[in-house]
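What follows is a short report on a single structure.
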2 protein chains.
Amino acid sequence: MGLGLRERKKLRTRATIRAQALRLFAEKGYGETTVEQIAEAADISPSTFFRYFPSKEQLVLVDDYDPIMIRAFQEQPADVPVLTALRRSMERVFGEMSPEQLDREMARQKLIRSVPELRAAQLDELQRTIELLAEGVAARMGRPPGDLESRAFAGAVVGSIMGALGDDLLSLDRIGLALDFLAAGFPFDDREVG
Amino acid sequence: MGLGLRERKKLRTRATIRAQALRLFAEKGYGETTVEQIAEAADISPSTFFRYFPSKEQLVLVDDYDPIMIRAFQEQPADVPVLTALRRSMERVFGEMSPEQLDREMARQKLIRSVPELRAAQLDELQRTIELLAEGVAARMGRPPGDLESRAFAGAVVGSIMGALGDDLLSLDRIGLALDFLAAGFPFDDREVG
DNA sequence: TCTCAAGTGAGAGTAACTCCTACATTCGAG
DNA sequence: CTCGAATGTAGGAGTTACTCTCACTTGAGA
């Protein structure tokens, strides 16, 4: 393996900072934990903290599974319908996570939800997801990239998941039901929607 | 009219602060304008600034038209289909705005889009919109409030608008097209979407 | 082992807030 | 009209996230 001592040390420091930070957040709360305290717990100087993370916010928001999810989605064969591809990649990524990883991820989501400052910062991520999905949709549907209807559809997918989840975090069942309903064209017992 | 001198003064101060702030933001940029400078331009002390607005962010984000839009939507008769009700309330609110108001609102949107910190803070607003719409949907469709499918649909509506808008801000045409596409059940030229 | 690049610590500085206190202004009751 | 109570404001001190700079150390490679 090509990682020298220097690189390994950096990785370890980064992991330590994050672990200590999340521990402190859980113990005393996000707002009540200062960067100085995190630095002390991780045995580094405050200035070093900011060399590893651009902000206290980002330390929480950096999502290890997001790039994995993206890759899983892009690896789905092109002849699989979009929603199926999406479902399969979610199932695969969550399926491959260990129980501890799942716990940690849940706790992280809960933290994000409970701190307005963190919650707010997720819009950008959402927008990126829509863009990405829109490309996948356009490619599968024979539309040019950037196509308005593909984007509207991608937005609808992400939006319906968001709406369905509401307060519950990360329920694959609810996501599944929402996607079923969307794929069926929102069948509201014969009542017009338009 | 029941407003005493005190109340009128407060309203005027608030308006002055916001006007001066937006002017400075336009001239020098959001990040380059300090609260102290805004306070000076509005002829108040920095501490007074924070009595009028909880943060520099919120000064920009407070949306005068949001409550108007909400009211317009809720005033639509119950027998009008949801998407039509939504369209009509948007048309009405935008139609009643003066050209200057429209200009100012556009500029505000542009500012929000261009500053990551501001852009991020809109997620909460989005979520509120979804909740509200979901109630309207449930009521019209004879579903109980909080119904999963109503929420999924409401999310899809908001999401598709978001996806369709992309970089362009506030194009009623694009919104209209996205809603048409959604109402028709995403007709992608006979290709399966599920 | 020597040298250079990369990483770290420490300190000073800025800006958004928060909290407190003393002073000014408006309001309502008599 | 006047006085006391409520309400609002200015000013200052303090906290915290973050930035920049500079001197020092440590690991990488010849």
Side-chain angles (χ1 to χ4, degrees), chain A residues 1-18 20-22 24-25 27-62 111-112 114-121 124, chain B residues 1-22 24-25 27-62 111-112 115-121 124:
Chain A
M1 37 136 246
L3 292 191
L5 171 58
R6 204 172 227 162
E7 300 300 316
R8 270 178 291 147
K9 215 170 179 177
K10 262 168 71 177
L11 285 178
R12 207 180 53 212
T13 302
R14 189 184 165 85
T16 305
I17 296 175
R18 188 142 67 179
Q20 292 294 331
L22 293 177
L24 287 170
F25 292 161
E27 284 174 11
K28 321 195 308 171
Y30 177 81
E32 287 66 38
T33 305
T34 70
V35 171
E36 207 175 338
Q37 291 165 345
I38 299 172
E40 194 179 353
D43 209 36
I44 53 160
S45 78
S47 40
T48 297
F49 175 94
F50 288 106
R51 259 184 225 110
Y52 279 88
F53 298 95
S55 68
K56 189 176 148 191
E57 248 184 41
Q58 278 304 309
L59 175 143
V60 181
L61 291 172
V62 171
L111 177 62
I112 293 175
S114 64
V115 180
E117 188 186 340
L118 295 174
R119 195 177 39 207
D124 274 3
Chain B
M1 38 146 244
L3 290 191
L5 171 57
R6 204 172 228 159
E7 301 300 316
R8 268 178 292 145
K9 216 170 179 179
K10 261 168 73 177
L11 284 178
R12 207 181 50 213
T13 303
R14 188 184 166 87
T16 306
I17 296 175
R18 188 143 67 182
Q20 291 296 329
L22 293 177
L24 286 170
F25 292 160
E27 282 174 13
K28 322 195 310 175
Y30 178 81
E32 286 66 39
T33 305
T34 71
V35 171
E36 207 175 336
Q37 291 166 344
I38 299 171
E40 195 178 353
D43 208 35
I44 52 159
S45 78
S47 41
T48 297
F49 175 94
F50 288 107
R51 246 178 246 115
Y52 280 88
F53 298 96
S55 67
K56 189 176 150 190
E57 250 184 39
Q58 278 305 308
L59 177 143
V60 181
L61 291 172
V62 171
L111 176 62
I112 293 174
V115 180
E117 187 186 340
L118 295 174
R119 195 176 39 205
D124 273 3

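This structure is a prediction, so every number in the text was calculated from the model and none was measured. Note on naming: letters A, B, ... go to the chains in the order of the sequence lines (proteins, then strands), and numbering restarts at 1 for each one.
Here OG1 of B/T16 is found 10.5 Å from CG of B/L11. Values are rounded to the nearest 0.5 Å.
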So if I define the base as every atom that isn't primed, P, OP1 or OP2, how would nucleotides 23-30 of chain C read as a B/S/- string at a heavy-atom cutoff under 4.0 Å? --BBS---
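With sequence neighbours left out, A/R119 forms a side chain to side chain contact (heavy atoms under 4.5 Å, CB included) with A/P116, B/D124. Among residues two or more places apart in sequence or in another chain, the ring-ring contact (aromatic ring centres under 6.0 Å, His included) test is passed with A/Y30 by A/F25. Among residues two or more places apart in sequence or in another chain, the side-chain hydrogen bond (donor to acceptor under 3.5 Å, both in side chains) test is passed with A/E27 by A/R23.
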Side chains of residues 35-44 of chain B: which donor-acceptor pairs under 3.5 Å do they make with residues two or more places apart or in other chains?
residue	atom	partner	partner atom	Å
B/Q37	OE1	B/K28	NZ	2.9
B/Q37	OE1	B/T34	N	3.0

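Smallest separation of non-hydrogen atoms from A/L61 and A/L118: CD2-O, 3.8 Å. Closest heavy-atom contact between B/L59 and B/R18: O-CD, 3.5 Å.
Counting any heavy atom pair closer than 4.0 Å across all strands shown, A/T13 reaches no nucleic acid atom.
Protein chain B contacts DNA chain D over a range whose 5' and 3' limits, counting nucleotides with an atom under 4.0 angstrom from a non-hydrogen atom, are D/dA6 to D/dG11.
Atom NZ in A/K10 sits roughly 12 Å away from atom C1' in C/dA5 (whole-Å rounding). Following rounding to the nearest Å, A/R8 (CZ) and C/dG7 (P) show an atom-to-atom distance of 15 Å.
Applying the side chain to side chain contact (heavy atoms under 4.5 Å, CB included) test between B/R12 and each of B/K10, B/K9, B/R8 identifies B/K9 as the sole match.
Taken residue by residue, residues 35-47 of chain A places heavy atoms nearer than 4.0 Å to DNA chain C at A/I44, A/S45, A/S47. Against DNA chain C, the stretch residues 51-60 of chain A makes heavy-atom approaches under 4.0 Å through A/R51, A/Y52.
Among residue pairs with one or both ends in residues 49-61 of chain B, those qualifying as side-chain hydrogen bond (donor to acceptor under 3.5 Å, both in side chains) are B/T48-B/R51; sequence neighbours excluded.
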